[in-house]
Protein chains: 2
Amino acid sequence: MTEDRTPQHDEPESRFLSGYDPHAFAPAAVTVDVVALTIRPEAGTGETGARRTGTPHVLLTRRAAHPQRGRWALPGGFVRAEDGPDGPADPDLPDAALRVLSEKTRLPTELHLEQLGTYGARGRDPRMRVFSVAHMLLAPDLPDPHSGRDTEEAAWVPWSELGHGEGSRAGRDLAFDHGRILADAVERARSKLEYTALATAFLPSAFTITALREVYQAVWGRTLHAANFHRKILATPGFVEDTGELAEHGGSGGGRRARLYRAGGAALLHPPLLRSTQ
Amino acid sequence: MTEDRTPQHDEPESRFLSGYDPHAFAPAAVTVDVVALTIRPEAGTGETGARRTGTPHVLLTRRAAHPQRGRWALPGGFVRAEDGPDGPADPDLPDAALRVLSEKTRLPTELHLEQLGTYGARGRDPRMRVFSVAHMLLAPDLPDPHSGRDTEEAAWVPWSELGHGEGSRAGRDLAFDHGRILADAVERARSKLEYTALATAFLPSAFTITALREVYQAVWGRTLHAANFHRKILATPGFVEDTGELAEHGGSGGGRRARLYRAGGAALLHPPLLRSTQ
DNA sequence: AGAGAAAAACTCAGGTTGAGAATAACGAGG
DNA sequence: CCTCGTTATTCTCAACCTGAGTTTTTCTCT
């Protein structure tokens, strides 16, 4: 299509490519790491009867192999650049992220996966230069994970047990620079809830406004005024659309049955739903 | 620090590392590409006298080597994973981005550099699997570029000559998937102007409110109400701070001299400065 | 039927926004 | 010096949005 722009030099591109040796470059590895976030009832809090509103959890694995054996880490693995003995190449980075995650837990049909960023500082992995493409995955209440190859243990860990970001509340410290990656993911999720309809990714296909508010409350870690939230959601075009149905049952204590909504078409919220500054 | 967590297995980590062969992995290359954005007077528009408000430009280079020889592309290059004959290793990805860019143009002391994302679909480069970490750089009025190795030509190209994103306004089509990367960068810049104080990255250390408004207008491609913009900027805590000085001269036609401001400490704008929906 | 609970609707004061008008400060030309 | 065109800055006001609290509706349980 742009043949006319090619300069009239000697060597055609096809001949150049056949003489190319990919191994001439310094070795560098590309991995994917996945910050899988879901909202599930806090483990251990065995309240019976009372409403379980759920808290955000992240999927962590304990490394069974060197380096950093025994430490908690994000699920991840090497990207398959070409077809090889381990299996076919990953067509793109999201495919690689879903592949490494599917070794740890069963993936739902509806999920949100986005790239967070790439971490490639020298020395972050002692083996060699490793460039790690971090992803963030959001999904409704995922089941308990199973261990995989190279993994001793895998578990959903509540955010409250981690020292993510501000303050030096030590928490579990993660292998490599995974603590930083996790902190970046949490901040990204919190921020995207303001400007996008991302919160619905934590919920099943039909949900109530209250459930949506509880997602915001869980991720932001603060309570919201229920009536104002309700008004705002319904006033934001394309955020949710009415299914016409009602929720099954309001729990043990009775109460009006909530209307069920599904995610609307809008990806961006106009105007945004800001965390108030107070 | 987490010695107590290390499982009591046989092999110590140090011995594991000494037997590690980095070349055992399939070859994959990591490159950086830079979307360098600046605001400069539209070339060719030789209006004398009238105010030149400037339009956004991106730095493009024409490839002198295979593959895709002769096509326009973003400036970029391979990341130096380890020390080698070409020079020392890049300590981190931003260093690599600045290095490849400095081969094309003189870098200012004040600039904003952030990572956009990594593009790694199979087949995007015919030589081998290439993972390209794209960066976005914003800087005030950069000088004309100079050609470098592997580059036939380098130029600041106005956005108006490119078919970035919506519509099929063909424009110059770029090598590899650089058209998509550029479109992503433009959308990122537009969006970040709403929620962050990023617009000041396009301006010198002291600037007027009008100059700041012209940045918004240039990037968003729409005019803004000057009085309301002024009120909003001054009402947003930490966006700008008064220098106490006045601008030199209002141009040819006279007019009140504008007050000069510098960038304030705030990175995020609360509340944001939204593109209105009309 | 009545109490309690949860959802949804209503009220209202205060703040923010969009649009336009008014005022202030400047250069140029009579 | 005085006036005009120009640009910056401030003012006004109606419409809208937001936070906080109250009321109404519709459930379950007793």
Side-chain angles (χ1 to χ4, degrees), chain A residues 47-53 194-195 206-217 220 222-237 239-261 269-278, chain B residues 47 49-53 194-195 206-217 220 222-237 239-240 242-261 269-278:
Chain A
E47 322 148 37
T48 45
R51 213 167 183 330
R52 317 285 290 286
T53 63
E194 295 190 318
Y195 308 118
F207 52 86
T208 65
I209 301 284
T210 297
L212 185 62
R213 177 166 49 83
E214 285 168 352
V215 169
Y216 275 91
Q217 293 183 153
W220 285 352
R222 74 185 63 177
T223 59
L224 300 173
H225 185 115
N228 290 340
F229 183 85
H230 202 279
R231 175 181 60 186
K232 175 82 182 189
I233 297 305
L234 295 185
T236 302
F239 196 170
V240 296
E241 50 190 47
D242 199 338
T243 63
E245 293 173 41
L246 297 180
E248 273 305 295
H249 185 225
S252 57
R256 182 171 174 174
R257 287 166 63 194
R259 202 179 281 264
L260 283 173
Y261 296 85
L269 302 185
H270 268 280
L273 211 163
L274 299 174
R275 298 177 258 193
S276 89
T277 41
Q278 48 104 343
Chain B
E47 323 148 38
R51 210 163 185 332
R52 318 283 289 289
T53 61
E194 294 189 320
Y195 308 116
F207 53 85
T208 65
I209 300 284
T210 297
L212 184 63
R213 178 167 48 84
E214 284 167 351
V215 169
Y216 276 90
Q217 295 184 152
W220 284 353
R222 73 184 64 176
T223 59
L224 300 173
H225 185 116
N228 291 341
F229 182 84
H230 203 281
R231 174 182 62 187
K232 175 81 182 185
I233 297 305
L234 296 184
T236 302
F239 196 171
V240 298
D242 199 337
T243 64
E245 293 174 42
L246 296 180
E248 273 305 294
H249 184 226
S252 56
R256 182 171 175 174
R257 287 168 61 197
R259 203 180 281 264
L260 283 172
Y261 296 84
L269 302 186
H270 268 280
L273 209 163
L274 299 175
R275 299 177 258 191
S276 86
T277 41
Q278 47 103 341

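Quick note on labels: first sequence line is chain A, next is B, and so on, each numbered from 1.
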_Nearest-nucleotide pick for Leu234(B), side chain only, options being dT9(D), dT12(D), dT10(D)_ = dT10(D)
_By nearest atom, which of the nucleotides dC13(D), dA7(C), dT9(D) is closest to the Ala258(A) side chain?_
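Between dC13(D), dA7(C), dT9(D), the one nearest the side chain of Ala258(A) would be dA7(C).
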*Is there a side-chain polar atom (N or O) of Lys232(A) under 4.0 Å from OP1 or OP2 of dC17(D)?*
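Result: no.
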Classify [X] by what it touches in the nucleic acid, base, sugar-phosphate, or nothing, heavy-atom distance under 4.0 Å.
X	answer
Ala227(A)	base
His225(A)	base
Arg259(B)	sugar-phosphate

*Ring centroid separation for Tyr261(A) and Phe207(A), is it under 6.0 angstrom?*
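Ring centroids of Tyr261(A) and Phe207(A) are no less than 6.0 Å from each other.
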*Does any donor-acceptor pair link the side chain of Arg256(B) with the base of dT9(D) at a separation under 3.5 Å?*
no
*Going by modelled atom types, is there a donor-acceptor pair between the base of dG27(C) and the side chain of Arg257(B) at under 3.5 Å?*
no
_Option from Leu224(A), Thr53(A), Ile209(A), Thr208(A) for which side chain to side chain contact (heavy atoms under 4.5 Å, CB included) with Glu214(A) holds_ = Thr53(A)
Integer-rounded Å distance: [N] [atom2] and [X] [atom1]:
X	N	atom1	atom2	result
Arg222(B)	dG18(C)	CZ	P	12 Å
His230(A)	dT24(D)	NE2	P	18 Å
Leu212(B)	dA8(D)	CG	C1'	14 Å

*asked:* Tell me whether the count of non-hydrogen atoms from other residues, nucleotides or ligands lying under 6.0 Å of CD in Glu245(A) goes above 12.
replied: no
_Using modelled atom types and a 3.5 Å cut-off, is there a donor and acceptor pairing between side-chain atoms of Thr243(B) and backbone atoms of Leu260(B)?_
yes
